[in-house]
Asker: 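What follows is a structure written as structure tokens; I'll ask about it next.
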Amino acid sequence: SIDRIRHAGLREKVMSAEAAAEFVKNGMNLAITGFTGAGYPKALPTAIANKAKALHAQGEKFSIGMVTGASTAPECDGVLAEANAVHFRSPFQSDPTLRNGINAGNIAYQDMHLSHVEQQMRQGFYGKFDIAIVEATAITENGELVFAMGIGHGAEAVKNADKVIIEINEALAEGLEGMHDIYADVGLPPHRKPIPIVGAFDRIGTPALALDPNKVVAIVLTNGGDRNSKFAEPDDVSKRIAAQVIDFLDHEVKAGRLPKSLLPLQSGVGNVANAVMAGLLDAPFEDLTGYTEVLQDGMLDLILAKKMKTASATALSFSPDALQRFNENIEFLKDKIILRPMEISNNPEIIRRLGVIGMNSMIEADIYGNVNSTHVMGTRMMNGIGGSGDFTRNGFFSFYVSPSTAKGGAISAIVPMVSHHDHTEHDVMFIVTEQGMADLRGKAPKDRAKLIIENCSHPDYRDMLRDYYDRALVASQKAGGIHTPHILLEALSWHQRFVETGDMRIK
Ligand code: 0RQ
């Protein structure tokens with residue numbers, strides 16, 4: 001209700017989503033909040049999409065450029081893509097309709113490291129932002145904005161855009177107020193200072209963001225849930241991957257190289273990542289901490305079970321059940337979860353200082369440890385790099401986890417050469433599949449290849465990989481160097497075979 005707008009002057013800005021959508025004109029550049037299905041506007045995107053459809057029916061043009069925190073949901077990315085209302089999109093998405101628009105060539109998409117987004121907004125790489133659309137829990141007496149379940153680039157969006165539209169979502173727990181820590185002083189060089197986070201749970205900012213009331217052109221009241229996708233119960237493959245990661249960490253603790261509380265954990269999205277967190281519930285560690293971008297069910301349950309002391313993230317992305325546990329325990333969780341702008345949650349300086357243990361999923365890795373997180377068969381965008389690069393390059397440990405095959409065995413996740421490079425051999429420390437783990441630290445390419453083929457590849461592909469590697473060694477000798485053996489014309493032939501026959505295996 002209007003009670004959540006505690007600043008009297010701003011109450012006058014309340015209007016319908018349709019009326020607010022009138023501020024959005026063809027060709028505008030919008031900064032819209034949303035991070036992995038949390039904190040995205042629930043009403044404006046549909047109102048904008050309906051406006052687009054009506055204009056298109058009259059033969060008029062209408063589309064927007066759209067920069068979010070990360071992925072949103074069907075009622076944001078989905079409806080806008082479905083209405084052909086998006087001509088540019090950055091930095092991360094996972095919506096099927098939007099993805100199809102990107103892969104059909106109708107939507108220009110820039111896939112970006114999430115830690116870079118706010119800085120590049122300030123640098124003006126995306127041009128001027130006409131409007132920011134921001135989801136919020138409340139507006140304080142002093143006219144400050146209390147963010148929702150996700151912050152992402154929201155603080156920079158509000159500062160940067162000419163006009164601001166706020167959606168106040170009544171479905172959000174009021175107890176979220178106080179969980180956010182808004183530090184928006186990163187600035188641009190040469191005037192930067194160290195970001196003063198030395199412990200994963202340090203508070204360095206304010207619980208809400210000061211607003212310029214003159215920039216706020218509309219406030220829309222909504223009442224709707226976040227995307228709240230269900231998680232699959234960890235399957236056998238996920239459990240085997242998780243067990244190896246946990247065994248390794250346990251080994252490091254026993255060897256005295258890691259404390260019993262480990263180091264702050266980051267985990268990517270998806271079922272395998274969630275399975276690792278679920279596995280930690282029964283692991284012999286205590287007082288764990290999280291320094292991650294997305295906090296999912298697994299980490300929430302670690303906190304509720306008092307296995308994890310505190311967690312820092314930029315968004316809370318829960319299944320419906322976990323959301324209920326979160327809302328019911330919000331008073332207990334208040335001093336255990338902190339939400340930050342994604343420029344801070346994913347900041348290389350802090351990730352390096354804290355020594356974060358990063359765990360992310362991949363599409364494929366090659367025999368030398370290069371990783372592709374984003375493209376299927378080299379050309380088709382899946383989701384995007386997200387924060388995986390921020391954590392992989394700067395983490396204390398960087399794990400890549402994946403089943404060893406995809407599409408019922410027709411695709412090997414271990415290939416001679418990745419069809420797209422997101423994380424180079426210099427950044428990737430461990431590759432883990434249900435077959436086993438390759439520890440690549442301190443190893444040269446030929447040693448890595450042996451480990452990845454023997455430990456991580458699926459038995460159906462192991463002989464093919466051995467054969468490729470052996471012949472590459474001979475061919476590369478002729479080509480003038482065997483540091484990283486390859487047969488250049490054959491290196492991507494597995495992908496080509498899949499494109500032509502639907503199977504990487506030779507029939
Ligand atoms: O597709 O459902 O159509 O069959 O990819 O694969 O195995 O369910 O795994 O959900 O963890 O996703 C890398 C895509 C993995 C994800 C990726 C197909 C597979 C399936 C999903 P179907 P799984 P996940 C935190 C960090 C980049 C961003 C990131 C991702 C679908 O983790 O987007 O890490 N990561 N962010 O069939 C063809 C292969 C394949 C393949 C899997 N080799 N070839 N298809 N698939 N491997 C979050 C943020 O930063 C916001």
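Computed over heavy atoms, backbone and side chain alike; hydrogens, waters and symmetry mates excluded. One is the number of the first residue; the rest follow in order along the sequence. Indexing begins at 1, ligand by ligand and atom by atom, following the structure's order.
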Asker: Any protein heavy atom under 4.0 Å from atom 17 (C) of ligand 1?
Answerer: no
Asker: List every atom of ligand 1 that sits less than 4.0 Å from any heavy atom of I385, numbering the atoms from 1 in the order shown and giving each element.
Answerer: 28 (C), 29 (C), 36 (N)
Asker: What is the closest protein heavy atom to atom 38 (C) of ligand 1, and at what distance does it sit?
Answerer: I411 CD1, 3.5 Å
Asker: Could you check whether any side-chain N or O of K307 sits under 3.5 Å from a backbone N or O of F285, counting only pairs where one atom can act as donor and the other as acceptor?
Answerer: yes
Asker: Less than 4.0 Å is my threshold; does some heavy atom of V272 fall inside it relative to ligand 1?
Answerer: no
Asker: Please report which non-hydrogen protein atom sits nearest to atom 21 (C) of ligand 1, along with the residue it belongs to and the distance in Å to one decimal place.
Answerer: M382 CE, 4.6 Å
Asker: Compare A406, A413, S373, P96 and give the one whose heavy atom is closest to atom 42 (C) of ligand 1.
Answerer: A406
Asker: Have a look at ligand 1 and work out which part of E293, if any, has a heavy atom under 4.0 Å from it: side chain, backbone, both or neither.
Answerer: side chain
Asker: Establish whether atom 2 (O) of ligand 1 and some protein heavy atom are separated by less than 4.0 angstrom.
Answerer: no
Asker: Is there a polar contact, in the sense of an N or O pair closer than 3.5 Å, between G387 and ligand 1?
Answerer: yes
Asker: Could you check atom 32 (O) of ligand 1 against the protein and tell me its nearest heavy-atom contact, residue, atom and distance included?
Answerer: S361 CB, 3.3 Å
Asker: Return a yes/no value: protein heavy atom under 4.0 Å from atom 24 (P) of ligand 1?
Answerer: no
Asker: With distance as the sole test, does R497 use its side chain to make a donor-acceptor pair with the main-chain N or O of M504 at under 3.5 Å?
Answerer: yes
Asker: For ligand 1, is any non-hydrogen atom under 4.0 Å from I363's backbone (N, CA, C, O), its side chain (CB onward), both, or neither?
Answerer: both
Asker: Give the contacting part of V269 toward ligand 1: side chain, backbone, both or neither, where contact means a heavy-atom distance below 4.0 Å.
Answerer: both
Asker: Would you mind checking which non-hydrogen protein atom is closest to atom 10 (O) of ligand 1, with the distance to 0.1 Å?
Answerer: G270 CA, 4.4 Å
Asker: I'd like to know if the side chain of Y400 pairs up with that of T392 as donor and acceptor (distance under 3.5 Å, no hydrogens or angles considered).
Answerer: yes
Asker: Taking the basic N atoms (NZ, or NE/NH1/NH2) and the acidic carboxylate oxygens, is any pair closer than 4.0 Å for D467 and R471?
Answerer: yes
Asker: Should G384 be listed as contacting ligand 1, given a heavy-atom distance under 4.0 Å as the test?
Answerer: yes
Asker: Regarding E349 and N394, is there a side-chain donor-to-acceptor distance under 3.5 Å anywhere?
Answerer: no
Asker: For K42, run the salt bridge (charged side-chain N to carboxylate O under 4.0 Å, His left out) check against E167, E75, E135 and tell me which one passes.
Answerer: E135
Asker: Looking at G386, which atoms of ligand 1 are within less than 4.0 Å of one of its heavy atoms?
Answerer: 50 (O)
Asker: Under 3.5 Å, is there a donor-acceptor pair between the H423 and S388 side chains?
Answerer: yes
Asker: As an exercise, state the distance from SG of C456 to CD1 of I367, rounded to the nearest 0.5 Å.
Answerer: 12.5 Å
Asker: Do the rings of Y468 and H486 sit parallel, tilted or perpendicular, given the 30° and 60° boundaries?
Answerer: tilted
Asker: Please check atom 47 (N) of ligand 1 for a protein heavy-atom neighbour under 4.0 Å.
Answerer: yes
Asker: What protein heavy atom sits nearest atom 45 (N) of ligand 1, and how far off is it?
Answerer: V376 CG2, 4.0 Å
Asker: What atoms of ligand 1 come within less than 4.0 Å of a heavy atom belonging to M362?
Answerer: 13 (C)
Asker: Specify the closest pair of heavy atoms between M66 and N29, including all atoms of both residues, with the distance to one decimal.
Answerer: N-OD1, 4.5 Å
Asker: Which residue holds the protein heavy atom closest to atom 51 (C) of ligand 1, what is that atom called, and what is the gap in Å?
Answerer: T36 CG2, 3.5 Å
Asker: Protein heavy atom under 4.0 angstrom of atom 6 (O) of ligand 1, is there one?
Answerer: no
Asker: Could you check if a side-chain atom of L316 sits within less than 4.5 angstrom of a side-chain atom of I337, using non-hydrogen atoms only?
Answerer: yes
Asker: Any Lys/Arg nitrogen of E425 or R448 sitting under 4.0 Å from an Asp/Glu carboxylate oxygen of the other?
Answerer: yes
Asker: How far is atom 33 (O) of ligand 1 from its nearest protein heavy atom, and which residue and atom is that?
Answerer: N383 ND2, 2.7 Å
Asker: Between T374 and ligand 1, which part of the residue brings a heavy atom under 4.0 Å of the ligand: side chain, backbone, both or neither?
Answerer: neither
Asker: Whether the side chain of N455 engages the backbone of M437 through a donor-acceptor N/O pair (distance < 3.5 Å, no angle test) should be reported.
Answerer: yes
Asker: Just how far is it from atom CD1 of I32 to atom CD1 of I64, taken to the nearest 0.5 Å?
Answerer: 4.5 Å
Asker: Would you mind checking which non-hydrogen protein atom is closest to atom 34 (O) of ligand 1, with the distance to 0.1 Å?
Answerer: S388 CB, 3.4 Å
Asker: What atoms of ligand 1 come closer than 4.0 angstrom to any heavy atom of N360?
Answerer: 26 (C), 34 (O)
Asker: Among H375, M381, K407, which one puts a heavy atom closest to atom 22 (P) of ligand 1?
Answerer: K407
Asker: Does Q93 reach the main-chain N or O of R89 with its side chain, forming a donor-acceptor pair under 3.5 Å?
Answerer: no
